[in-house]
Amino acid sequence: MIPRFSLVRAQAFPEAFEAFAASDGDAAWIAGGTELLQVMKMGFAQFGTLVDIKRIPDLSGIEVRPDGRLRIGAGTTHRAIERSPVVRRALPALADLEAGLANVRVRNTGTIGGNLAFAEPHSDPATFLLACGATVELAGPSGRRELAVGEFVQGPLLTAREPDEIVVAIHVPAADPGTGRGYRKAKFFERPAASVGVSLTVRDGAIAEAVVTVGSMTDVPTVVHAAAAALAGAPAEADALAGPVRAAAEAFGSLDIGADHNGSADYKRHLAGGLLERAVRGALSEAIADA
């Protein structure tokens, strides 16, 4: 049972910040509430005041900005991202990711900003957005700032967000021509056991640049530089991927992976190798079509 609390429905940032400050440290932000209400129900956290921010206009909307960046308001639900024609055109792998996230209840109520702010180690969006070079926009009483996803997520359930700051939006930079993105995961329960994100750029018939990230196996989503280096220079042909992908997967051997109910560290590395191949093939197909 959730203990009693006061609910403030803020319509704008100043109202939200004022309500948060008035709580004297006993408040939390709420939008979708899928994670927050669960931890309160289980007794892991308790707050006297919840400040509902989902009505603040700046937290909604999906658009491609004039500079080419894809902006997704932090209060946008996973379902809205999945169904967005803008996302389908600009970043189709994200729409596909959202379609397979958790369950229908979570997708209908949970928000992209809340997912990142909770920093659950098995987050789908964080791993993929890290591969895309995305940033997280924050607003607080002192102003606004942007942090790369890798800077924002600092540990399990730990971010660089100050308690009185709100996640406003996620920004994904425009990709160079010939760039494709891919994401694959293995899931036995509602959260992934292992996941891999890939971004690669094809030029002159070869993979010129690559980014490889892993999630759900490590404490935070992690960029695996050695895996990306193994892919760089490989021919941009599906039939030529086996060797480079095998070499890239070997880089997962250096990761500090913890065993849990999903399996041992070695088993997760094995899963990640197969996921890498599928993610690379998906990204390569998109990159070739865009070249």
Side-chain angles (χ1 to χ4, degrees), residues 62-72 81 84-98 124-136 146-153 170-185 194-215 221-252 254-255 272-291:
I62 300 171
E63 64 175 341
V64 175
R65 291 290 181 88
D67 63 0
R69 293 202 300 176
L70 173 65
R71 181 193 186 274
I72 303 175
I81 297 170
S84 166
V86 176
V87 176
R88 285 283 172 191
R89 288 192 299 269
L91 196 57
L94 177 59
D96 292 341
L97 177 159
E98 294 286 6
D124 287 290
T127 301
F128 177 67
L129 292 170
L130 178 63
C132 296
T135 59
V136 178
E146 276 190 42
L147 295 173
V149 170
E151 298 175 291
F152 178 74
V153 181
I170 291 82
H171 299 272
V172 183
D176 292 335
T179 296
R181 276 85 175 250
Y183 177 80
R184 296 292 187 276
K185 67 179 177 182
S195 58
V196 176
V198 170
S199 176
L200 55 82
T201 302
V202 171
R203 297 192 193 99
D204 301 323
I207 298 175
E209 300 171 11
V211 180
V212 176
T213 60
V214 297
T222 302
V223 177
V224 188
H225 297 286
L231 295 173
E237 302 172 5
D239 293 342
L241 287 177
V245 168
R246 187 163 49 248
E250 289 177 0
F252 296 161
S254 64
L255 296 173
L275 296 171
L276 175 64
E277 180 177 4
R278 293 166 55 198
V280 168
R281 288 184 182 277
L284 181 61
S285 177
E286 182 181 316
I288 292 173
D290 187 59

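No experiment lies behind these values; they were computed from the predicted model shown.
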Please output the side-chain donor-acceptor pairs of residues 201-208 that fall under 3.5 Å, not counting sequence neighbours, one pair per line with the distance.
residue: T201; atom: OG1; partner: T179; partner atom: OG1; Å: 2.7
residue: R203; atom: NH1; partner: E209; partner atom: OE2; Å: 3.3
residue: R203; atom: NH2; partner: E209; partner atom: OE2; Å: 3.0

*asked:* Rounded at 0.5 Å granularity, tell me how far CG in L241 sits from CZ in R246.
replied: 11.0 Å

_Euclidean distance, R71 CZ relative to T135 OG1, rounded to 0.5 Å_ = 10.5 Å

*If you look at every heavy atom in A236 and L284, which pair is closest and at what distance?*
CB-CD1, 3.8 Å

_Contact list for residues 87-96, test salt bridge (charged side-chain N to carboxylate O under 4.0 Å, His left out), sequence neighbours left out_ = R88-D96

*asked:* For the OG1 atom of T222 and the CG atom of L130, what is their distance to the nearest 0.5 Å?
replied: 8.0 Å

*Is there any side chain to side chain donor-acceptor pair (under 3.5 Å) pair reaching into residues 279-291, and which pairs are they, with sequence neighbours excluded?*
E277-R281

*Drop me the distance from L129's CG to F152's CZ, to the nearest 0.5 angstrom.*
11.5 Å

*Nearest heavy-atom pair of G215 and T127: which atoms, and what distance?*
CA-OG1, 3.3 Å

_Let's go through D67 and R69 carefully: what are the C-alpha distance in whole Å and the side-chain angles of both, what is the deciding distance for salt bridge (Lys or Arg N to Asp or Glu O under 4.0 Å) to 0.1 Å, and is it a yes or a no?_
CA-CA 6 Å; D67 63 0; R69 293 202 300 176; 3.4 Å; yes

*How long is the span from the CD1 atom in I62 to the CG atom in L94, to the nearest 0.5 Å?*
8.5 Å

*Minimum-distance pair of heavy atoms, taken over all atoms of A227 and A251*: N-CB, 3.6 Å

*Rounded to the nearest 0.5 Å, how far apart are OH of Y183 and OG of S199?*
15.0 Å

_Testing the basics here: between G180 and A287, what is the closest heavy-atom pair and its distance to 0.1 Å?_
N-CB, 3.5 Å

*With the side chain counted from C-beta on, respond yes when V172 and F128 share a heavy-atom pair under 4.5 Å apart, and no when they do not.*
no

*So, do L231 and V245 sit near enough that their side-chain heavy atoms are less than 4.5 Å apart?*
yes

*Can you find a heavy atom in the side chain of V149 that is under 4.5 Å from one in the side chain of P221?*
no

*What heavy-atom pair brings A272 and V196 nearest, and what distance separates the two atoms?*
O-CG2, 3.8 Å

*Of all heavy-atom pairs between C132 and L91, which one has the smallest distance, and what is that distance?*
SG-CD1, 4.3 Å

